[in-house]
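These numbers come from the heavy atoms of this one structure, side chains and all, not from hydrogens, waters or symmetry mates. Protein chains get the first letters and strands the later ones, always in sequence-line order, with residue 1 at the start of each.
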2 protein chains.
Amino acid sequence: MIQSEKPTIMDIARLTGLSKGTVDRVLHNRGEVSKKSYDKVMAVIKELGYEPNALASALARGVSPRIAVLIPEHEPGSFWELALNGISKASETVGPLGVETQLFKYNSRDASSFQDACFRLLDSAPSGVVVAPMFGPGTQMLTADLRSRSIPYVFFDTKQDDDGYLAYYGLPEYRSGYLCADQLTIDKSASEVLLVRIKRDPFRQSDPTVIRRAGFMDYMSEHYPDCVVRSIFIDPRDHERTDQELESFFEAFPGTTHIAMFNSRIYLIVPWLERHPAQIKRVVGFDNLTANMNALARGTVSALIAQHPDEQVAMAIQALFDYIVLGKKPMRRDNFMHMDILTRYNIEYY
Amino acid sequence: MIQSEKPTIMDIARLTGLSKGTVDRVLHNRGEVSKKSYDKVMAVIKELGYEPNALASALARGVSPRIAVLIPEHEPGSFWELALNGISKASETVGPLGVETQLFKYNSRDASSFQDACFRLLDSAPSGVVVAPMFGPGTQMLTADLRSRSIPYVFFDTKQDDDGYLAYYGLPEYRSGYLCADQLTIDKSASEVLLVRIKRDPFRQSDPTVIRRAGFMDYMSEHYPDCVVRSIFIDPRDHERTDQELESFFEAFPGTTHIAMFNSRIYLIVPWLERHPAQIKRVVGFDNLTANMNALARGTVSALIAQHPDEQVAMAIQALFDYIVLGKKPMRRDNFMHMDILTRYNIEYY
DNA sequence: AAAAATTTCGTGTACGGTAACGGAATTGTG
DNA sequence: CACAATTCCGTTACCGTACACGAAATTTTT
């Protein structure tokens with residue numbers, strides 16, 4: 001815990017009879033060193049347990065490495081804004097260590113805007129990239145390019161299967177669906193459940209809710225095989241339509257008592273719910289958006305499964321920092337992060 | 001987000017026509033500067049929005065500040081071990097920035113050992129102190145001394161009321177008791193509830209569970225005024241006695257269906273519970289100790305309220321770092337941190 | 001074996017700030 | 001007015017590392 005008299009680069013130089021310049025070349029293996037000297041330096045480094053002084057290093061480096069973050073434009077109060085908080089927090093941490101962060105935004109409903117952002121990002125030649133892969137093919141192009149230039153990249157939120165990413169930080173999607181079902185606290189097997197789903201956005205090409213739904217359905221068939229689960233589909237931008245859908249659904253199935261939603265938009269059905277109290281027992285959704293939290297506080301929503309996009313993205317940035325600056329690979333490649341259950345009684349301090 | 005061309009001390013020197021030595025004296029108001037020069041420098045500093053480079057500063061200062069942490073000795077797997085993790089994590093963060101952390105341990109059942117640790121701590125003349133005040137009077141002596149030497153200190157876990165602490169990081173105790181009651185998910189007002197409490201340790205002089213219990217009782221009387229709540233007291237080191245207590249309690253009150261405990265020791269009653277299944281519906285405790293988590297995974301414990309002592313202590317260290325190195329006071333003095341609900345379905349990734 | 005090419009290495013300076021030291025400017029005293 | 005005492009300020013040497021540049025050592029070529 002206590003760092004006593006740390007050895008410096010000069011100590012190593014003295015002990016090896018070489019100069020600090022040479023030691024520095026070894027440390028950054030940037031060549032121009034004979035094998036003999038190299039080995040000697042490495043030996044002494046290991047013996048002394050030398051660790052470079054990050055302060056001095058960052059100071060001397062001067063021109064700071066830059067971590068680029070690719071993130072959709074978003075309305076205030078959306079899921080991505082939570083991530084944005086994490087980015088600011090992380091860059092406050094790594095900023096004083098001489099690392100910049102730069103945002104590249106794109107329109108999440110426009111594949112060409114994503115392309116465009118990718119090009120801008122690549123042109124800027126960052127030292128590392130954080131990306132939530134929304135557009136499969138587009139992301140693949142991006143990552144292929146990054147690999148060819150050996151720029152490290154980290155996924156968060158959604159993972160994409162390629163073998164080049166440095167790390168992934170996200171939710172265990174299947175478990176989260178399972179947990180969601182558990183939080184409905186269904187009491188008898190005759191219950192009827194409604195899943196509110198988003199009309200598939202034809203542009204979004206990777207969708208974590210699919211796996212969440214799988215976890216949910218498995219829980220149901222394991223615990224309440226006789227439960228009826230039905231779905232409706234809504235358009236996030238057409239509130240009137242949404243209300244109509246709900247209205248006619250509940251006319252058709254008035255026995256429905258539980259509602260779940262696997263994305264962050266549970267707030268979309270809140271207005272309708274608050275005009276029609278009574279029969280609904282439990283409503284469970286995802287993510288601690290402000291709108292969701294408010295509904296939770298009022299009791300309209302019973303529980304939220306909160307992933308922490310801010311933590312996820314912060315971890316992603318941290319991982320890149322460790323890799324770029326300190327040369328350390330993350331311990332695990334796939335990092336499934338914890339999720340929390342929020343109720344009206346524990347949201348106050350979020 | 002991007003740090004563009006920050007002004008340096010040399011820029012100020014040039015613009016004022018003075019030397020960086022003088023500017024430095026102004027920055028640390030260490031005198032030997034004429035009023036005229038002082039004002040000129042201050043004006044330019046404000047105009048440029050100059051902020052000293054923390055890196056270079058720490059590097060040049062050389063002697064690293066040291067943060068002392070006062071913490072009880074503990075068995076592996078206890079509450080305090082969680083805190084210890086946070087300390088290592090935090091010191092990994094601030095370590096490369098030239099700040100040391102040093103632990104001072106004491107025996108939590110021995111007030112004089114606490115005293116002793118305090119003296120050792122004071123002798124070491126740290127730059128800042130983190131402490132969880134277990135012994136009221138002892139802590140007051142400590143903090144009085146710290147104040148007189150103007151060494152900043154931060155509380156975590158428990159707060160003590162004096163007006164000198166830099167910050168506090170801990171749980172909203174009252175709310176946590178309230179939440180605990182909610183998590184019992186009592187279904188009918190005729191339920192009978194058992195609180196398992198620790199025989200008051202005569203040495204420990206500040207006890208967060210008192211307030212938790214208050215929150216719990218308030219929830220109960222608000223929601224289920226007819227519920228019967230009874231208590232038993234156990235000795236954490238006498239397992240046989242504990243089992244006997246439980247045994248005779250349940251003989252006397254076989255209708256009891258819910259159990260809660262307000263400290264981290266719910267694992268103490270797990271062995272008995274697992275030998276007597278059946279009537280107990282829900283068991284709720286605090287803190288994610290390994291033993292508790294295991295019981296949670298097996299379903300013996302229904303839910304745990306997890307505070308995050310690691311995060312709390314990490315924040316505490318961070319706050320001291322910000323204050324000592326960067327000269328920034330924490331935004332809030334009292335920081336009530338979030339608590340999470342853990343169930344068997346979301347503990348996997350903790 | 002001398003010259004050229006290449007590899008290997010040491011030196012010097014910069015990064016932004018700290019603080020000791022001593023010289024110049026100002027003020028005070030006889 | 002000369003001299004001492006203060007006050008003020010510039011110079012300089014660091015802190016530990018990065019990197020450019022050129023010199024030295026080694027290898028290759030002729």
Please list, chain by chain and in numerical order, all residues satisfying side-chain hydrogen bond (donor to acceptor under 3.5 Å, both in side chains) with [X], sequence neighbours excluded.
X: A:Ser57; value: A:Arg61
X: B:Asp39; value: B:Lys35
X: B:Asp310; value: none
X: B:Gln307; value: B:Asp287, B:Gln312

ring-ring contact (aromatic ring centres under 6.0 Å, His included) between B:Tyr106 and B:Phe114, intermediate numbers included: CA-CA 5 Å; B:Tyr106 60 91; B:Phe114 181 79; 4.7 Å; yes
Roughly, in whole Å, what's the span from CD in B:Glu32 to C1' in C:dA20? 11 Å
Whole angstrom value for the distance that separates C1' of C:dC9 from NZ of A:Lys35: 18 Å
Can you tell me how far the CZ atom of A:Arg25 sits from the CG atom of A:Leu18, to the nearest 0.5 Å? 9.5 Å
Approximate separation, where rounding is to 0.5 Å, of B:Leu171 CG and B:Asn335 CG: 12.5 Å
Side-chain ion pair, B:Lys329 and B:Asp322, N-O less than 4.0 Å: no
I'd like to know if B:Arg14 pairs up with B:Asp11 as an ion pair, taking the criterion as any Lys NZ or Arg NE/NH1/NH2 lying under 4.0 Å from an Asp or Glu carboxylate oxygen. yes
Start and end of chain B contact along DNA chain D [non-hydrogen atoms, under 4.0 Å]: D:dC8 to D:dG16
Which parts of nucleotides 12-18 of chain C does protein reach within less than 4.0 Å, heavy atoms only, written one letter per nucleotide 5' to 3' as B for base, S for sugar-phosphate only and - for none? BB-BBBB
For DNA chain C, find the residues of residues 38-45 of chain B with a heavy-atom distance under 4.0 Å and give them by number; none if there aren't any. none
So the ring pair (Phe, Tyr, Trp, His ring centres under 6.0 Å) pairs with at least one residue in residues 8-61 of chain B (sequence neighbours excluded) are none
Under 4.0 Å from OP1 or OP2 of C:dT7: is there any side-chain N or O of A:Ser34 that close? no
Contacts of B:Tyr153 that satisfy ring-ring contact (aromatic ring centres under 6.0 Å, His included) - sequence neighbours left out: B:Phe155
Mind checking ring-ring contact (aromatic ring centres under 6.0 Å, His included) for B:His308 and listing every partner two or more places apart, or none if nothing turns up? B:His338
Taking only distance into account, with no hydrogens and no angle test, what donor-acceptor pairs under 3.5 Å do side-chain atoms of residues 126-141 of chain A form with protein atoms, sequence neighbours excluded?
{"residue": "A:Ser127", "atom": "OG", "partner": "A:Arg66", "partner atom": "N", "Å": "2.9"}
{"residue": "A:Ser127", "atom": "OG", "partner": "A:Arg66", "partner atom": "O", "Å": "3.4"}
{"residue": "A:Thr139", "atom": "OG1", "partner": "A:Phe135", "partner atom": "O", "Å": "2.7"}

Inter-end axis angle, the helix from C:dA1-D:dT30 to C:dG30-D:dC1, with every axis fitted to five base pairs (rounded, 10 degrees): 50°
